[in-house]
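Note on naming: letters A, B, ... go to the chains in the order of the sequence lines (proteins, then strands), and numbering restarts at 1 for each one.
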Protein chains: 2
Amino acid sequence: MKVLIVEDDPLHRAYLGEAVRGALPECNTVLEAADGLAGERLAREHISDRVVMDLQMSPRNGIEAARTIWRERPDTRILFWSNYADEANVRGISRIVPPGAAYGYVLKSASDERLRLALRSVFIEDQCVIDREVRGLQQKSAGAVSGFTDSEYEVLIDIALGLTDRTIARRRNLSLRSVQNRLQQLYEKLGVYQPNDGDPEARFNLRSRAVTVSLLRKLVNHTALERAEMDLARWLERDGHGPKP
Amino acid sequence: MKVLIVEDDPLHRAYLGEAVRGALPECNTVLEAADGLAGERLAREHISDRVVMDLQMSPRNGIEAARTIWRERPDTRILFWSNYADEANVRGISRIVPPGAAYGYVLKSASDERLRLALRSVFIEDQCVIDREVRGLQQKSAGAVSGFTDSEYEVLIDIALGLTDRTIARRRNLSLRSVQNRLQQLYEKLGVYQPNDGDPEARFNLRSRAVTVSLLRKLVNHTALERAEMDLARWLERDGHGPKP
DNA sequence: CCCGAATCTGCGGGTTTCCGCACGTTGATT
DNA sequence: AATCAACGTGCGGAAACCCGCAGATTCGGG
């Protein structure tokens, strides 16, 4: 059995190596990569279908690397090992996991024993293991109060990028009013909307404020922004100069 | 000689402990704290005037901890040890370092030898040691193209928080137009301003866009935002309900 | 003392946001 | 077939934003 470790911090990489060797005596080869790109390459060359993957890395973060790995080999078991449990990551992962694939998500703050268990469960038993803290997020994101639709998340990203209503409309093939509709829902759900009863003193610029609280609540984060920015740049090249109606 | 290590990641903490013991044989006591709060307490109890400090931690990040430590004992030598070299951190630190104090800033990606040298230089020789990458930022921030005035940085934070022009004016005791003036300068310096020559197609909402590029360039970051948000909340309590002219 | 340079301020107007009101489409449920 | 929820669209208007123009203020030299 081969296990591939993708993690940029050398200390953590060494620690993971220890943990894998300790938890999986049936594993005879441990491969190590220091970033997403190298990880993809190693996974391709050696036919390694068990991966422990850090999230924030550069170049190529864990989510991107996982996506290409899963695209080539959907039955790969991937255990994500991250510092944070924020919505941007959770949403990003649940977006790319192939149906039926085994994967896991444990926090770096978890105990050695938790990590050990997760390694065995995911790599040997083909089970999905998700830390309780992360699990909480998934519930919320699917369900009730703070749960966005995909389309709402879309405009959230767009205004976070600093796009104009009109540009968003063009990009998403919507009318101006529809974009603004989604924005209203977004403001509502983020608890940013100000019913101007009595004193019409608008303290906040809703647009910017929405971005801020999303950042503070980690609905979006730096790497999500970077990714979105690159997508945007690509779109601007292609369709950004189209004819205006 | 006593050295205090403040670092939340246990692996990194252990590594730092090794490094300190190896580089400083004259050090007979190594104290360890896992977050800023504990760090402040330990520094106060034991009279430790040599500190190795991580930046991102919670509760209480490194900058805040350093500030209270330096307030109580301005001659403390502090070596900052961080993952990132972004402007928000550098600006935050250079804002709080007492005149004449010895401090250092090395990246976690630095080699063992670099760390060793920095430890000896700062703790024994009372020299300031700042990594080259970080140094680059300092130059830029003081000088030319991407260098903001303090007042410009101020409005940047304010729009990042999602405040209205009018609210910013009230908060900073300025007229509306002055705020908008500073904003214009900001847009200019961030390279966001769009001379609408020919095609007046405004692609970006300058306000939001400014925040985005600041985030992408790490002129502001998550923890800076959190701090600013708390300041804002306090201000809203106190002066936010004042009489309107 | 007068001269820039930097900053603060008011005015005016073009553009963008924000949002209530109203109506049509789609798709799933009953 | 009827209904209901979710989503897309147009119209119109109040507020906010962006910014050129121009007149004040401050402050450090020559």
I'd like to know if [X] and [Y] make a salt bridge, using a cut-off of under 4.0 Å between side-chain N and carboxylate O.
| X | Y | value |
| --- | --- | --- |
| A:Arg171 | A:Asp231 | no |
| B:Asp35 | B:Arg60 | no |
| B:Arg44 | B:Glu72 | yes |
| A:Arg217 | B:Glu229 | no |

- Return the nearest nucleotide to the side chain of B:Leu174; candidates are C:dC8, D:dC17, D:dG8.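 The closest nucleotide is C:dC8.
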
- Message: Checking contacts here: which listed nucleotide (D:dG8, C:dT16, D:dC19) is nearest the side-chain heavy atoms of B:Leu206?
- Response: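 Among the listed nucleotides, the one closest to the side chain of B:Leu206 is D:dC19.
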
- With A:Ser151, which residues qualify under side chain to side chain contact (heavy atoms under 4.5 Å, CB included), at least two apart?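 A:Thr149, A:Arg182.
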
If I take atom [atom1] in residue [X] and atom [atom2] in nucleotide [N], what distance separates them, rounded to the nearest angstrom?
| X | N | atom1 | atom2 | value |
| --- | --- | --- | --- | --- |
| A:Leu183 | D:dT9 | CG | P | 14 Å |
| B:Asn181 | C:dC11 | CG | C1' | 13 Å |
| B:Arg207 | D:dC19 | CZ | C1' | 14 Å |
| A:Asn173 | D:dG8 | CG | P | 12 Å |
| B:Leu163 | D:dC17 | CG | C1' | 15 Å |
| B:Leu176 | D:dA15 | CG | P | 15 Å |
| B:Phe204 | C:dT17 | CZ | P | 13 Å |
| B:Asp165 | C:dC8 | CG | C1' | 15 Å |

- Work out how much the helix from C:dC1-D:dG30 to C:dT30-D:dA1 bends between its end axes, five pairs an end, to the nearest 10 degrees.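 For the helix from C:dC1-D:dG30 to C:dT30-D:dA1, the axes at either end differ by 20°.
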
Does [N] have its OP1 or OP2 closer than 4.0 Å to a side-chain nitrogen or oxygen of [X]?
| X | N | result |
| --- | --- | --- |
| A:Arg182 | D:dG8 | yes |
| B:Arg177 | C:dG10 | no |
| B:Gln184 | D:dG20 | yes |
| A:Ser175 | D:dG8 | no |

- So, the side chain of B:Thr167 versus the backbone of B:Leu163: is there a donor-acceptor pair under 3.5 Å, distance only?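 Not confirmed, B:Thr167 side chain does not pair with B:Leu163 backbone.
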
- Message: Run B:Thr212 and A:Val211 through side chain to side chain contact (heavy atoms under 4.5 Å, CB included) and show every step you take.
- Response: CA-CA 9 Å; B:Thr212 309; A:Val211 176; over 6 Å; no

- When the nearest nucleotide of DNA chain C is assigned to B:Asn205 and to B:Gln185 on a heavy-atom basis, which residue is associated with the more 5' position?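 Of the two residues, B:Gln185 wins.
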
- Item | Nearest-nucleotide comparison on DNA chain C, the residue closer to the 5′ end among B:Gln180 and A:Gln180 |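 Looking at DNA chain C, the more 5' nearest nucleotide goes with B:Gln180.
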
